[in-house]
> 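Got a structure for you, questions after.
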There are 2 protein chains.
Amino acid sequence: MSKEDHLKQAGLRTTIPRLKILEIFSNTEHKHLSAEEVYRALLEEGDDIGLATVYRVLTQFETAGLLQKNMFGDNKAVFELDSGVHHDHMICTECGKVQEFHNNDIERLQIELSKNAGFQLHYHEMNLYGCCEQCGSKKSGSN
Amino acid sequence: MSKEDHLKQAGLRTTIPRLKILEIFSNTEHKHLSAEEVYRALLEEGDDIGLATVYRVLTQFETAGLLQKNMFGDNKAVFELDSGVHHDHMICTECGKVQEFHNNDIERLQIELSKNAGFQLHYHEMNLYGCCEQCGSKKSGSN
DNA sequence: TTTATTGCAAAACCTTTGCATGTAT
DNA sequence: ATACATGCAAAGGTTTTGCAATAAA
């Protein structure tokens, strides 16, 4: 589906800011971007789009299911393209890198635990914080 | 250990605000409190303690290991007494109730997955969002 | 032409900080 | 007496909102 179709389907008009923002998420090597980062990426491309618009578009995209919002404890939201496939995150506290992972056994246990607690599970977030492979080897190398 | 001893051990002087805040966490039925909620609880008891002090004390207590800080996606931190025993949370998105849980199989899988990814796991947060037993039965009852 | 979208500035919200005053040791 | 804590008000960072101007349908 084209970016335009994505927007139409979400009931959103095709506008420059929306197309550009969608493009940024499609092209960036960092899949997880904060509003500020999206804003700066737009500026770097010479696009004159207000920060308020970025926030509005990100929220609309999240509502439309185009983006997924995550809080990684740094008090600011980061967004990523919503692939439709659920996954969780490993966040490197040294370099900020985010890796995705998925594990069926954990998911199954979460459902089971919820059921046992009389809890209707709608969704979850699981964030593992630590040191990624690159940062880990850097540190042990320098010791 | 007495509350005073807790403070002394943390290198913190024994002051009214600190004792009162510790007391609130010990006595409340809601274990998970935001700064604002602590502040209001103090006001209700007639204690005239500034919000800035509440924030400072909460941060100091967290650093000292007396309190544990959690972000439940609502963009504001909630604190609970740090029992020293790790647990995760189920959060009711209807009434806000927070239940704690712990599962060794999940913890083990998290460690295993991290190892396989070359990731040095330091800590994690796992939050299950949904509908607690009470709210769930209320809803099905009214349909 | 009608309705949605944008930009800007202002405000909202949670949290932190500077500084003078007050308090524990 | 000294070093630490507090209160207040101001400022910080992220996010939202009011409103007039603009652009998509």
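Predicted, not measured: the structure shown is a model, and the values here were computed from it. Residue numbers start from 1 in every chain, and the chains themselves are labelled A, B, ... in the order their sequence lines are given, proteins ahead of strands.
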> Can you classify the ring geometry of A/Y123 versus B/Y129 as parallel (below 30°), tilted (30 to 60°) or perpendicular (above 60°)?
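A/Y123 and B/Y129: parallel rings.
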
> Without decimals, in angstroms, what is the distance between A/N70 CG and D/dT14 P?
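In whole Å, D/dT14 P lies 17 Å from A/N70 CG.
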
> What is the separation between atom CG on A/L51 and atom C1' on D/dT17, rounded to the nearest whole Å?
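Spelled out: CG on A/L51 to C1' on D/dT17 is 13 Å.
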
> If the cut-off is 4.0 Å, is B/T15 near the phosphate of D/dT6, judged by side-chain N/O to OP1 or OP2?
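Yes.
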
> Remember a base hit wins even if backbone is also touched, and classify B/L12 as base, sugar-phosphate or nothing at under 4.0 Å, heavy atoms.
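Sugar-phosphate only.
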
> Between C1' on C/dT15 and CD on B/E37, what's the gap in Å once rounded to a whole number?
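So the CD-C1' distance, B/E37 to C/dT15, works out to 16 Å.
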
> Could you give the CD-to-P distance, from B/E36 to C/dT16, as a whole number of Å?
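Checked: the CD to P distance equals 14 Å.
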
> Pick out which of B/L33, B/V38, B/I16 makes a side chain to side chain contact (heavy atoms under 4.5 Å, CB included) with B/I21.
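Among the candidates, only B/V38 passes.
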
> Can you check the A/L58 CG to D/dT16 P distance for me, whole Å?
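Atom-to-atom, A/L58 to D/dT16, this comes out as 10 Å.
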
> Choose from C/dT5, C/dT15, D/dG18 the nucleotide whose nearest atom is closest to any side-chain atom of A/R56.
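When the side chain of A/R56 is considered, D/dG18 is the closest of C/dT5, C/dT15, D/dG18.
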
> What distance do A/N103 atom CG and A/H87 atom NE2 have between them, rounded to the nearest 0.5 Å?
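Spacing of CG (A/N103) from NE2 (A/H87) equals 14.5 Å.
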
> OP1 or OP2 of C/dT15 versus the side-chain N and O atoms of B/Y55: is any pair under 4.0 Å?
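Checking C/dT15 against B/Y55, a side-chain N or O does come within under 4.0 Å of OP1 or OP2.
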
> How would you label the contact of B/T14 with the nucleic acid (heavy atoms, under 4.0 Å): base, sugar-phosphate, or nothing?
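Sugar-phosphate, backbone atoms only, no base.
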
> So, is A/T53 near the phosphate of C/dT5, with a side-chain N or O under 4.0 Å from OP1 or OP2?
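Result: no.
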
> Rounded to whole Å, please give me the gap between CD1 in B/I16 and P in C/dT25.
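Spelled out: CD1 on B/I16 to P on C/dT25 is 11 Å.
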
> Heavy-atom nearest nucleotide on DNA chain D for A/T59 versus B/V57: which residue maps closer to 5'?
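So the residue in question is B/V57.
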
> Provide, to the nearest angstrom, the distance between the OH atom belonging to A/Y39 and the P atom belonging to D/dT16.
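After rounding, the gap between these two atoms is 16 Å.
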
> From the list D/dT6, C/dG7, D/dT15, which nucleotide is the closest neighbour of the side chain of B/R18?
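Selected nucleotide: D/dT6.
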
> Starting the side chain at C-beta, find the nucleotide from C/dG18, D/dT15, C/dT6 nearest to A/P17.
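Closest of the options to the side chain of A/P17: C/dT6.
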
> When you match B/A52 and A/A52 each to their closest nucleotide on DNA chain C, which lands nearer the 5' end?
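Residue closer to the 5' terminus by nearest nucleotide: A/A52.
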
> Taking side chain as C-beta onward, heavy atoms only, is B/M71 less than 4.5 Å from B/K76?
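Result no, sub-4.5 Å side-chain heavy-atom pair not found.
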
> Round to a whole Å and report the spacing from CG of B/N75 to P of C/dA12.
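My rounded result for the distance is 17 Å.
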
> Checking only heavy atoms, does the side chain of B/R13 share a donor-acceptor pair with the base of D/dA3 at less than 3.5 Å?
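Check passes, donor-acceptor contact within cut-off.
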
> Ion pair present between A/R108 and A/D105, side-chain N to carboxylate O less than 4.0 angstrom?
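Here A/R108 pairs with A/D105 in a salt bridge, since their nearest N and O are under 4.0 Å apart.
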
